Each structure stands twice: as C-alpha cells, then as structure tokens.
Amino acid sequence: MDILRPSGPVSRLNAPSRVVYDRERIAARVREMGAEITEHYEGRDPILVLGLLKGSFIFLADLVREIQLPVHVDFLVASSYGAGQAPSEDVRLLYHPDVEIRGREVVLVEDIVDSGATIARLVPILEGREPKSLEICTLLHKRRAHLAQEPRWIGFEAPADFLVGYGLDYAEDFRHLPFIGAL
Ligand code: IMP
Ligand code: MG
C-alpha cells in the first residue's frame with residue numbers, strides 16, 4: 001500500500017504496523033460527538049470552534065459537519081513536538097486568530113492529548129481573552145497526565161503507542177491516512 005510509505009527511508013520504526021481505529025469506527029464516534037456537542041449548546045449562542053493545527057484538521061472538518069447548530073471556525077497554531085516523537089515542555093502559540101473570543105462559546109479541538117502540555121499552556125491564554133465558555137474536544141486521549149481542565153468530549157481512550165493518520169503525523173508523514181494506525 002503506497003500511502004503507507006514514509007517520505008524517508010522505511011524502517012520498522014516509521015511504518016504503521018497495525019490499524020487501531022478504522023475509518024468506520026472513527027466516523028461513528030465523530031457522529032456521536034457531534035450529537036453530544038449539539039445537545040450541549042442547543043439554545044445557546046453560536047459556537048466558535050478553534051482547531052489546533054495541524055493535527056486536528058481532518059477531525060475538525062468531519063466534526064463540524066456533525067454539529068447541527070450555527071458554528072464559526074478558526075484555527076490556532078502551536079508548536080509542541082519537533083520533527084519526531086519526543087514531546088517538549090516548551091509549547092508556543094505561533095498564530096492565533098484575530099477573531100473575537102470575548103463572550104463566545106469556544107470549543108478548542110485537539111487531535112490527541114498526550115502529556116497535556118499543549119492544553120495546559122493554551123487554556124490560560126484563551127481564558128485570558130474572556131470567552132463566555134471554553135470546552136475542550138479531543139479525538140484521542142492518552143491519559144498520561146492529570147490536567148487542570150479535562151476535555152469535555154473525548155473520542156477514544158488511546159493506547160500508549162505513537163499513532164498516525166486522520167491528521168496525526170510522524171515527522172509530517174501519514175496525516176492523510178483515512179484510518180488511525182500505530183507505528
Ligand atoms: P501534549 O502537549 O503532550 O498533550 O501533546 C499534544 C500534541 O502532540 C498533539 O496535538 C499531537 O500533535 C502530538 N502528539 C501526541 N501524541 C501523538 C501521537 O501518538 N501521534 C502523533 N502526534 C502526537
Ligand atoms: Mg504533531
């Protein structure tokens with residue numbers, strides 16, 4: 001299968017070895033999450049969905065189409081991992097939108113919570129802009145750390161493996177896989 005070929009030399013370490021969540025399972029769960037979010041915000045102000053690039057782009061695209069309410073979409077760019085698999089404590093916000101967050105019902109969308117450093121860093125920054133509410137929605141959660149603010153919506157409790165596909169990368173490879181696999 002050609003889409004599984006990394007851009008560099010192939011080794012056991014950088015080729016997905018098994019499917020963890022296939023596309024049907026992901027789609028079914030995303031549909032449920034969209035319904036849960038719809039129910040939560042029913043009768044409230046329009047939602048502002050803030051996607052954390054790049055990892056959340058496919059999840060976010062599928063998720064917003066399952067939300068049966070008015071939704072605005074913008075993105076944040078944070079740096080956490082470098083090129084490889086090692087997490088860094090130094091999470092920086094490289095871009096944040098000009099969109100007014102004050103008074104909005106904000107949903108921060110993450111691909112995966114691992115050490116929790118990204119969320120721990122971003123939540124205070126976003127809270128500082130005084131949203132009416134701020135909730136976190138993540139497709140995957142590795143439950144490696146205790147977070148000050150846990151995501152309200154979690155797609156799957158993820159295994160400890162390094163996961164790729166459906167937006168998740170290893171050194172920028174494999175984001176386009178329609179399923180989630182483990183290296
Ligand atoms: P945290 O700050 O340690 O929670 O890591 C969050 C970010 O690290 C995610 O948004 C991902 O971009 C990346 N990450 C963590 N675990 C994985 C993984 O298993 N595969 C791919 N990226 C990951
Ligand atoms: Mg990444």
Side-chain angles (χ1 to χ4, degrees), residues 3-8 10-23 25-26 29-30 33 48-64 73-97 106-128 134-183:
I3 59 170
L4 290 179
R5 243 198 23 241
S7 57
V10 181
S11 81
R12 270 216 325 270
L13 280 178
N14 65 6
S17 57
R18 66 188 174 92
V19 174
V20 180
Y21 306 104
D22 65 23
R23 63 195 301 172
R25 190 156 171 220
I26 296 169
R29 185 66 190 119
V30 171
M33 296 175 86
L48 173 60
V49 172
L50 289 182
L52 205 49
L53 290 177
K54 300 177 225 174
S56 74
F57 82 109
I58 294 179
F59 173 45
L60 182 142
D62 285 344
L63 181 69
V64 292
V73 175
D74 215 318
F75 295 94
L76 303 171
V77 182
S79 71
S80 53
Y81 285 28
Q85 296 185 1
S88 128
E89 299 303 304
D90 176 35
V91 177
R92 289 179 307 141
L93 201 50
L94 303 178
Y95 163 82
H96 55 91
V106 175
V107 181
L108 180 62
V109 175
E110 256 275 46
D111 52 354
I112 183 164
V113 177
D114 184 10
S115 72
T118 307
I119 286 203
R121 176 86 175 86
L122 291 185
V123 164
I125 294 173
L126 293 173
E127 290 287 8
L134 175 62
E135 299 291 354
I136 300 160
C137 175
T138 188
L139 180 63
L140 301 158
H141 198 328
K142 285 189 178 169
R143 297 257 180 234
R144 280 213 303 130
H146 175 76
L147 298 172
Q149 183 176 353
E150 283 293 341
R152 178 177 284 268
W153 297 286
I154 298 166
F156 301 104
E157 304 287 338
D161 309 65
F162 197 84
L163 303 175
V164 296
Y166 198 68
L168 294 140
D169 73 304
Y170 172 65
E172 295 302 325
D173 282 328
F174 310 125
R175 289 196 197 277
H176 68 311
L177 301 184
F179 57 87
I180 294 171
L183 291 191

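Keep in mind the model is a prediction, meaning the values are calculated, not measured. Atoms within a ligand are numbered from 1 in the order they appear, just like the ligands themselves.
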| task | Step by step, work out the side chain to side chain contact (heavy atoms under 4.5 Å, CB included) result for Y21 and F179. | result | CA-CA 6 Å; Y21 306 104; F179 57 87; over 6 Å; no
| field | Numbered atoms and elements of ligand 1 in range of L168, under 4.0 angstrom, heavy atoms | value | 20 (N), 21 (C), 22 (N)
| message | Using only atom types and a distance under 3.5 Å, with no angle test, would you say the side chain of R29 pairs donor to acceptor with the backbone of I154? | response | yes
| message | Considering both backbone and side-chain atoms of E110, is one of its nitrogen or oxygen atoms within less than 3.5 Å of a nitrogen or oxygen in ligand 1? | response | yes
| task | Check for a donor-acceptor pair, side chain of S17 on one end and backbone N or O of A182 on the other, with a separation under 3.5 Å. | result | yes
| request: Go through ligand 1 atom by atom and flag the ones less than 4.0 Å from a non-hydrogen atom of G116. | output: 1 (P), 3 (O), 4 (O)
| Heavy-atom donor-acceptor pair, E110 side chain to G55 backbone, under 3.5 Å | no
| Heavy-atom contact under 4.0 Å between L140 and ligand 1? | no
| note | So the atoms of ligand 1 within less than 4.0 Å of a heavy atom of V113 turn out to be 4 (O)
| request: For D161, counting its heavy atoms only, list the atoms of ligand 1 lying under 4.0 Å from any of them. | output: 19 (O)
| Passes side chain to side chain contact (heavy atoms under 4.5 Å, CB included), L48 versus V73? Steps please. | CA-CA 6 Å; L48 173 60; V73 175; over 6 Å; no
| note | For T118, the ligand 1 atoms with a heavy-atom partner under 4.0 Å come out as 1 (P), 2 (O), 5 (O), 6 (C)
| note | Going by the 4.0 angstrom heavy-atom rule, the piece of I119 near ligand 1 is neither
| Listed by chain and number, what are the side-chain hydrogen bond (donor to acceptor under 3.5 Å, both in side chains) partners of R23, not counting sequence neighbours? | none
| task | Heavy-atom distances under 4.0 Å are what count here, so tell me which part of D169 touches ligand 1: side chain, backbone, both or neither. | result | backbone
| task | Decide yes or no for V106 and L50: does some side-chain heavy atom of the first lie under 4.5 Å from some side-chain heavy atom of the second? | result | yes
| request: Mark the output for K54 as yes if a heavy-atom distance to ligand 1 is under 4.0 Å, and as no if none is. | output: no
| field | Numbered atoms and elements of ligand 1 in range of K142, under 4.0 angstrom, heavy atoms | value | 16 (N), 17 (C), 18 (C), 19 (O)
Review item, side-chain donor-acceptor pairs of residues 155-163, under 3.5 Å, at least two apart:
residue, atom, partner, partner atom, Å
E157, OE1, R143, NE, 2.8
E157, OE2, R143, NE, 3.4
E157, OE2, R143, NH2, 3.0
D161, OD1, R18, NH2, 3.2
D161, OD2, R18, NH2, 3.0

| message | Please state which option from D114, I112, V20, L163 has its nearest heavy atom closest to atom 14 (N) of ligand 1. | response | I112
